[in-house]
There are 2 protein chains.
Amino acid sequence: MAGPRRPTLEDVAARAGVSRALVSIVIRDAPGASPRTRERVRRAADEIGYRPDARARLLSRGRSRLLGVVFGVQHAFHGDLVDGLYLAAERLGYDVALSAVTPRRDEERAVAGLLQDRCEALVLLGPGMPTSRLAALAAQLPVVVVARAVRHRAVDVVRTADDEGLRLAVEHLVGLGHRRIAHVDGGRAPGAAERRRGYGAAMAAHGLDPRLVPGGLTEDDGAAAARVLLAEGLPDAVTVFNDRCATGLLDVVRRAGVDVPGRLGVVGYDDSRLARLSHVALTTVAQDADRLTELAVTRAVQRLDGEPVAERELVVAPRLVARSTTAPR
Amino acid sequence: MAGPRRPTLEDVAARAGVSRALVSIVIRDAPGASPRTRERVRRAADEIGYRPDARARLLSRGRSRLLGVVFGVQHAFHGDLVDGLYLAAERLGYDVALSAVTPRRDEERAVAGLLQDRCEALVLLGPGMPTSRLAALAAQLPVVVVARAVRHRAVDVVRTADDEGLRLAVEHLVGLGHRRIAHVDGGRAPGAAERRRGYGAAMAAHGLDPRLVPGGLTEDDGAAAARVLLAEGLPDAVTVFNDRCATGLLDVVRRAGVDVPGRLGVVGYDDSRLARLSHVALTTVAQDADRLTELAVTRAVQRLDGEPVAERELVVAPRLVARSTTAPR
DNA sequence: ACCTATCACTAGAGCGCTCTAGGGCCAGGC
DNA sequence: GCCTGGCCCTAGAGCGCTCTAGTGATAGGT
């Protein structure tokens, strides 16, 4: 259990018969030690099970090279993003500190924790906080918002071209011969406004009448929207705010005996793991999680390095993934 | 963006005209300062926007009061547990450091990160690593495994009585008049063996023939199991390894025209958010996430405090939550 | 008057590391 | 022979905090 004391540089130095500084050099793979000594020090370190203390290291280095990430623990898509963030950060020599938003832990708590940990920059996944609050944070340290549009010059944004995503969805459906296409809305959720707009524009471009149904970002919201559609009359197809919402909708309409894709086409959004499940096989608009995270981390690092950046907002193109919930009419 | 320098204790001290130590006392709410000075120091701190540096604080305090948590970013139930862990840890004055297991970041990486951060103890949610590896970790620091049984005297375990959970599920189904009850197995997943065993025992107790179908912990595994059941003949009801797997199964059997709960009863496991969704309304065996996390954190702290513990393994009773996927036959 | 106790506060060491300066030592150039 | 420039290494300061030991000052007891 709790050993006597965790070994420190000093211990390794004593065992290898060298100075503390030399051990530090070896551990950091810094120049300034002969191969022989290097080997000897490394062996000594291994023997006593030395592990560098990240905190002390950061303290003395002056910088933490730590990227704070706020994510929603219940969002499948955030999981995909976190995966990408770890990868991208490592590539640039940064560490990631995760702080979760949970049902009983709000964004402010999550952010406060990261600030205490001396994160150098913040990456916020689909944050719900007001723009003014984001701006206040951005005054303290670089802030990169992912998957939500923010109109403020101090806040960097990396997001998918959500309007374009809905255009793709509508085009896809129109191409399959659908005319009456409804959109289940995301309300105030991040990205919802853009998707709504893209939907409206695409419908207009085809001379079709738009039909908006209130929705949200959870399965339950989708289920509720499904009930509305069933009660008020089914369209040919429906584009849904996100995959979670779409699966809720799917479940309810199918149980009501509606043939999908025969009678009703359904298009989701995110291409989360959910959509890819073989039995769901949801046609969806894919967000490129790896690209989004790569850009987010790169941007954060650019800000930290004081590099000038051309575009405050980076917009990644979405991609339509046709699966089994859409078919020719 | 990056201000000139983050303010330190020294800065606050200078502004308030007191010593660094006094400021420390005030910030920590420690005894040893007059109310007047306290007020003055606090104001000075506010004025320059001082925030304590968690790292320096931990370094000097000798202990980190940091609990490392390894969780699977894609597991809905882990999300519930993380929520509980934050709460329980805060109550005992500990902080939580999260480290995610993602598709491209394995458990070893996750654990290594936490060790570097000087976590005092590890809480591992449904870890997949071998017992020997867990034991090796436990030799370095207290390790509490949640939601998986581990037979090793150095590793603490907090889990649900999974065999009892399956007994509840079977009793429930038998009580509703079902006789042919199958179990979709979790294979090598944490908890699967106990659930399998509980299922077998309960079936035997009722003189019923068990029927095991290979499954797993994802929706896809459930979908595959459903196809097997459909091909080989439906039972009256089925108990499923977990909720995710159950929803996959549900989706496939329903689309095949099977009436649930009329023709087939389905019982899940975990009572994750998934099961609670109104349109899913899955009958399931609830794991008490709050209790599990409370116990896990308490145990970790006991170990750190060197308190003797009676039971290495803490087993929490499950509870059956009857919803709409089961009904009298 | 003196001694002691208490309170408010400060000096300074130290947590485990990094990093700058600088000290030997040897090879090579003059 | 001496200087120069590497190379390998060490001493020691310092990161921002906590905490122990101790200093004055005031109050209370005799």
Side-chain angles (χ1 to χ4, degrees), chain A residues 2-42 44-45 48-66 93 95 115-120, chain B residues 2-42 44-45 48-66 93 95 115-120:
Chain A
R5 210 181 85 269
R6 191 164 152 158
T8 75
L9 270 193
E10 193 73 58
D11 302 324
V12 179
R15 180 170 248 268
V18 296
S19 73
R20 201 164 25 98
L22 221 214
V23 179
S24 172
I25 286 171
V26 173
I27 298 295
R28 281 177 293 135
D29 265 331
S34 68
R36 273 187 46 140
T37 326
R38 231 172 252 280
E39 175 52 34
R40 198 153 47 87
V41 169
R42 252 194 270 275
I48 62 176
Y50 170 76
R51 282 178 172 281
D53 183 328
R55 317 207 155 236
R57 175 173 274 187
L58 300 182
L59 223 208
S60 79
R61 199 160 41 192
R63 338 184 11 179
S64 68
R65 294 192 82 82
L66 198 62
D95 268 335
L115 290 180
Q116 281 221 335
D117 282 348
R118 278 277 191 274
C119 288
E120 297 186 1
Chain B
R5 211 180 85 269
R6 191 164 154 158
T8 75
L9 270 193
E10 193 73 57
D11 302 324
V12 180
R15 181 169 249 268
V18 296
S19 72
R20 202 163 24 98
L22 222 214
V23 179
S24 172
I25 286 171
V26 173
I27 297 295
R28 281 178 291 135
D29 265 329
S34 68
R36 273 187 45 138
T37 325
R38 232 173 251 280
E39 176 52 34
R40 201 153 44 88
V41 168
R42 253 194 270 274
I48 61 175
Y50 171 75
R51 283 180 172 280
D53 182 329
R55 313 199 162 239
R57 173 174 277 185
L58 301 182
L59 182 54
S60 80
R61 200 161 40 192
R63 344 184 5 182
S64 69
R65 294 191 82 82
L66 198 63
D95 268 336
L115 291 179
Q116 281 221 335
D117 282 347
R118 278 280 189 272
C119 288
E120 297 186 1

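Here is how names work: the chains are called A, B, and so on, in the same order as the sequence lines, proteins then strands, and each is numbered from 1.
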Between I27(A) and Y50(A), is the side-chain contact (heavy atoms from CB on, under 4.5 Å) condition met? List the steps. CA-CA 10 Å; I27(A) 298 295; Y50(A) 170 76; 4.0 Å; yes
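Between dC9(D) and S34(A), a contact under 4.0 Å exists linking OP1 or OP2 to a side-chain N or O. Between dC15(D) and T8(B), no contact under 4.0 Å exists linking OP1 or OP2 to a side-chain N or O. Between dC17(D) and S60(B), no contact under 4.0 Å exists linking OP1 or OP2 to a side-chain N or O. Residue S24(B) places at least one side-chain N or O under 4.0 Å from the OP1 or OP2 atom of dT18(D). For dC19(D), one of the phosphate oxygens OP1 or OP2 lies less than 4.0 angstrom from a side-chain nitrogen or oxygen of R28(B).
Looking at the side chain of A56(B), the nearest of the listed nucleotides dT18(C), dC19(D), dC17(D) is dC17(D). Nearest nucleotide to the A21(A) side chain, out of dT10(D), dG12(C), dG16(C): dT10(D). Closest to the side chain of R57(B), from the set dT18(D), dC19(D), dG16(D), is dT18(D). Among the nucleotides dC9(D), dG12(C), dC9(C), the one closest to any side-chain atom of L22(A) is dC9(D). The side chain of D53(A) has dC17(C) as its nearest neighbour among dC19(D), dC17(C), dC19(C).
Taking atom CZ on R55(B) and atom P on dT18(C), their separation rounds to 14 Å, with Å as the unit. Between L59(B) atom CG and dA13(C) atom P the separation is 17 Å, expressed in whole Å. Following rounding to the nearest Å, L9(A) (CG) and dG14(C) (C1') show an atom-to-atom distance of 15 Å. When rounded to the nearest whole Å, the span between CG of D117(B) and C1' of dG16(C) equals 14 Å. Look at CD1 on I27(B): it is 14 Å from P on dC9(C), rounded to the nearest Å. Between the CZ atom of R36(A) and the P atom of dC8(D) there is a distance of 12 Å, given to the nearest Å. Rounded to an integer number of Å, the gap from CG of D29(B) to P of dC19(D) is 14 Å. Between the C1' atom of dT20(C) and the CD1 atom of I25(A) lies a distance of 11 Å, rounded to the nearest Å.
Heavy atoms from other residues, nucleotides or ligands lying under 6.0 Å from CZ of R63(A) number more than 12.
Remark on DNA chain C: of its neighbouring residues G32(B) and E10(A), the 5'-side contact belongs to G32(B), judged by nearest-heavy-atom nucleotide.
Side-chain N/O atoms of R20(B) and base N/O atoms of dT18(D) include a donor-acceptor pair closer than 3.5 Å.
Salt bridge R55(B)/D53(A): absent, no basic N to carboxylate O contact under 4.0 Å.
Atom CG of residue D117(B) and atom CZ of residue R57(A) lie 11.5 Å apart, to the nearest 0.5 angstrom.
With E120(B) contributing its side chain and L66(B) its backbone, the two residues share no donor-acceptor pair below 3.5 Å.
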